[in-house]
Amino acid sequence: MSSARYRPDTPDKVFAIADCNNFYASCERVFRPELNDKPVVVLSNNDGCVIARSNEAKAIGIKMGAPYFQIERFAKQHGVAVLSSNYALYGDMSRRVMQILAGFAPRIEVYSIDECFFDLTGLKTDLTDYCLKICAVVKQWTGIPISIGIAPTKTLAKLANRLAKSGRFRQCPVLDWHTLDDTDAVLAETALNDLWGIAASWQSQLALLQIADALALKQADPKRLRQHFSVVMERIVHELRGLSCIDLEEIPSPRKQILTSRSFGEKLTGYDDLCAAVTYFATRSAEKCRQHRLAAQALTVFVETSPFDTRQPFYANSATFEFQLPTHDSAQLQRAAQRGLARIYHPGLSYRRAGVLLPELLPDHVAQLSLLSGERSNRSADLMQTLDAINQRYGKSSIRYAREILSQRWRMRQQFKSPSYTTNIRELLTIRI
DNA sequence: TCTGGGGTCCTAGGACCC
DNA sequence: TCTGGGGTCCTAGGACCC
């Protein structure tokens, strides 16, 4: 029984989660203070749809996930600042925030680019005051506003964080679940899909069981829900009751797969254009592999046309190669991707997206133990090390394979991208006096 | 014209083995 | 006439997260 992971007899735990407010929009504002108090949205890769909004943008009704072309006019009318996503900037700002949090709590789990769980169990101080101090320091040192939720389980901490942001109880970026007078009343007013782990499709299935809000879910029979759904739902019920089933994961488990894919800036029909794209994806995947000290046992390459295109039938296909020996050699992965593409490419179609997936990974030291790894593999390792060192020193893609640059037509649209202020010396912020 | 990218976990069902 | 049962492994698909 997998619910053995919760231990009701352990002393009460205290989880906190810090969440950066409107993270991508906030990062942009740090370097563009004139955007404070103005509506700001950040677009997905390829400037496709809205993936982050400032409070002002939310207030005028711009929805998460809205396709940009649908809101373009509206955004112009309302003076919305529109930005392409700038992951170099967000990743670096995230690292800074996490570093500060690590100074305040001995055990932290970086959960996503803008969220971090940490353990406050046993801390003998006022938890709200302590977390307010954390918020103040993060804001002062990075410019990023954060909110913190505190509770006996991760699920409740996520909810507390949400409530802190909503300002429903007090205008304060910190909310400690333990300080609420009537937590059941709060749960009764909480929609199911506001809970961590419950999305729309489960919400409607729960409704069929007469479970319509978070309190009803808390009071439902966990065993019965497990039969209807899975152990995941059973855990949520326990967590709502204050029994911690989901532990802090301080050490991230090794990656199980690596995916590099993109929608293209324009629809592609030519084989060479696609080949340049998948070659680049294979190279990037190989780099990620080496960065994580992993090696791939297989590679899948896939292409697809647009599901929104009414003029041609939707086509999606993939091809997979198994390697005799696990590898993270760029050239080898490229060859596999190119051979796979040749198998699934159909002339005459307009492709909108492609990608390379490494679905089975091994630690690279295991891979190196192979009896067959001899001189050839040493040369490959030396070459890759050299490539990585050059690109590290002189910037991404300073040195690349020729096939990658045969065509640039697949490159994403990034019409509104801000500079990489913190990660590229040539793009430092300039201040004129 | 224009709709993201990168992950994880769980389950069911089939293949296979003894 | 009557055709087992339990275990493991793998995969595809569906759900979730940010």
Side-chain angles (χ1 to χ4, degrees), chain A residues 2-3 5 17-20 22-24 41-52 63-73 75 82-87 90-91 94 109-117 154-155 158 161-162 192-206 225-236 245-246 249 252-267 281 284-285 288 292 297-298 300 302 304-311 314 318 320 322 350 352-361 412-416:
Chain A
S2 58
S3 49
R5 273 171 69 187
I17 182 162
D19 186 324
C20 301
N22 314 323
F23 182 54
Y24 298 168
V41 301
V42 178
L43 302 178
S44 62
N45 272 335
N46 219 26
D47 294 342
C49 52
V50 173
I51 55 166
K63 297 275 180 268
M64 189 69 171
Y68 175 59
F69 74 92
Q70 285 177 5
I71 61 149
E72 187 174 356
R73 267 182 57 183
V82 175
L83 292 147
S84 304
S85 37
N86 180 348
Y87 287 102
Y90 311 150
S94 169
E109 172 191 344
V110 176
Y111 176 64
S112 73
I113 195 165
D114 68 335
E115 286 172 282
C116 181
F117 284 105
K154 279 181 159 182
T155 303
K158 285 281 282 186
N161 184 288
R162 196 184 178 90
L192 287 168
N193 66 349
D194 285 346
L195 294 175
W196 187 41
I198 297 189
S201 79
W202 278 11
Q203 184 180 27
S204 50
Q205 287 186 61
L206 283 164
L225 287 185
R226 184 183 180 143
Q227 283 159 13
H228 277 279
F229 299 89
S230 74
V231 64
V232 176
M233 188 69 83
E234 185 187 19
R235 268 186 218 136
I236 293 174
C245 312
I246 308 170
E249 285 178 40
S253 43
R255 294 271 198 117
K256 299 192 167 102
Q257 58 176 52
I258 286 173
L259 172 66
T260 309
S261 74
R262 296 282 185 280
S263 292
F264 304 133
E266 56 180 295
K267 300 265 175 64
F281 301 150
R284 278 296 300 141
S285 301
K288 292 180 198 171
H292 292 276
Q297 296 177 275
T300 301
F302 62 88
E304 64 187 43
T305 62
S306 171
F308 302 102
D309 192 340
T310 49
R311 289 159 308 182
F314 178 64
S318 68
T320 299
E322 308 270 342
S350 293
R352 123 192 139 123
R353 181 168 171 263
V356 163
L357 173 68
L358 308 179
E360 296 162 33
L361 300 167
M412 299 184 287
R413 274 190 305 274
Q414 287 191 314
Q415 221 184 323
F416 319 106

Interatomic distance where CH2 belongs to W196(A) and P belongs to dC18(C) [whole Å]: 8 Å
Select base, sugar-phosphate, or nothing to describe what F229(A) touches, counting heavy atoms under 4.0 Å on all strands. nothing
Rounded to whole Å, CD1 of I71(A) lies from C1' of dC2(B) at a distance of 12 Å
So I258(A), base contact, sugar-phosphate only, or nothing? Heavy-atom distance under 4.0 Å. sugar-phosphate
Would Y68(A) and F416(A) count as a close aromatic pair, with their ring centres under 6.0 Å? yes
Spacing between L195(A) atom CG and dC16(C) atom P, to the nearest angstrom: 13 Å
For dC18(B), which nucleotide is its Watson-Crick or G-U wobble mate, given both distances must be under 3.5 Å? dG5(C)
Touch check for Q70(A), heavy atoms < 4.0 angstrom, all strands: base, sugar-phosphate only, or nothing? nothing
Counting the atoms with a prime plus P, OP1 and OP2 as sugar-phosphate, which does I198(A) contact under 4.0 Å by heavy atoms, base, sugar-phosphate, or nothing? sugar-phosphate
Remember a base hit wins even if backbone is also touched, and classify S253(A) as base, sugar-phosphate or nothing at under 4.0 Å, heavy atoms. nothing
Report the C-alpha distance between E360(A) and K256(A) in whole Å, list the side-chain angles of each, state the deciding distance to 0.1 Å, and finish with yes or no for salt bridge (charged side-chain N to carboxylate O under 4.0 Å, His left out). CA-CA 7 Å; E360(A) 296 162 33; K256(A) 299 192 167 102; over 6 Å; no
E360(A) atom CD is separated from dT8(B) atom P, nearest whole Å, by 14 Å
What is the separation between atom CG on L259(A) and atom P on dC18(C), rounded to the nearest whole Å? 19 Å
Is F69(A) stacked on the base of dT1(B), with ring centres under 5.5 Å apart and planes under 30° apart? no
Calculate, to the nearest 0.5 Å, the distance between atoms CZ and NZ belonging to R235(A) and K154(A) respectively. 11.0 Å
For nucleotides dC16(B) and dG4(C), find the distance between their C1' atoms and express it as a whole number of Å. 15 Å
Length of the CZ-C1' vector between R235(A) and dT11(B), whole Å: 13 Å
Heavy-atom nearest nucleotide on DNA chain B taken for N46(A) and for K256(A); more 5' hit belongs to N46(A)
Sugar-phosphate only, base, or nothing, as touched by T260(A) at under 4.0 Å among non-hydrogen atoms: sugar-phosphate
Please give, in whole Å, the distance from dC16(C) C1' to E115(A) CD? 14 Å
Heavy atoms under 4.0 Å, any strand shown: does D114(A) hit a base, just sugar-phosphate, or nothing? sugar-phosphate
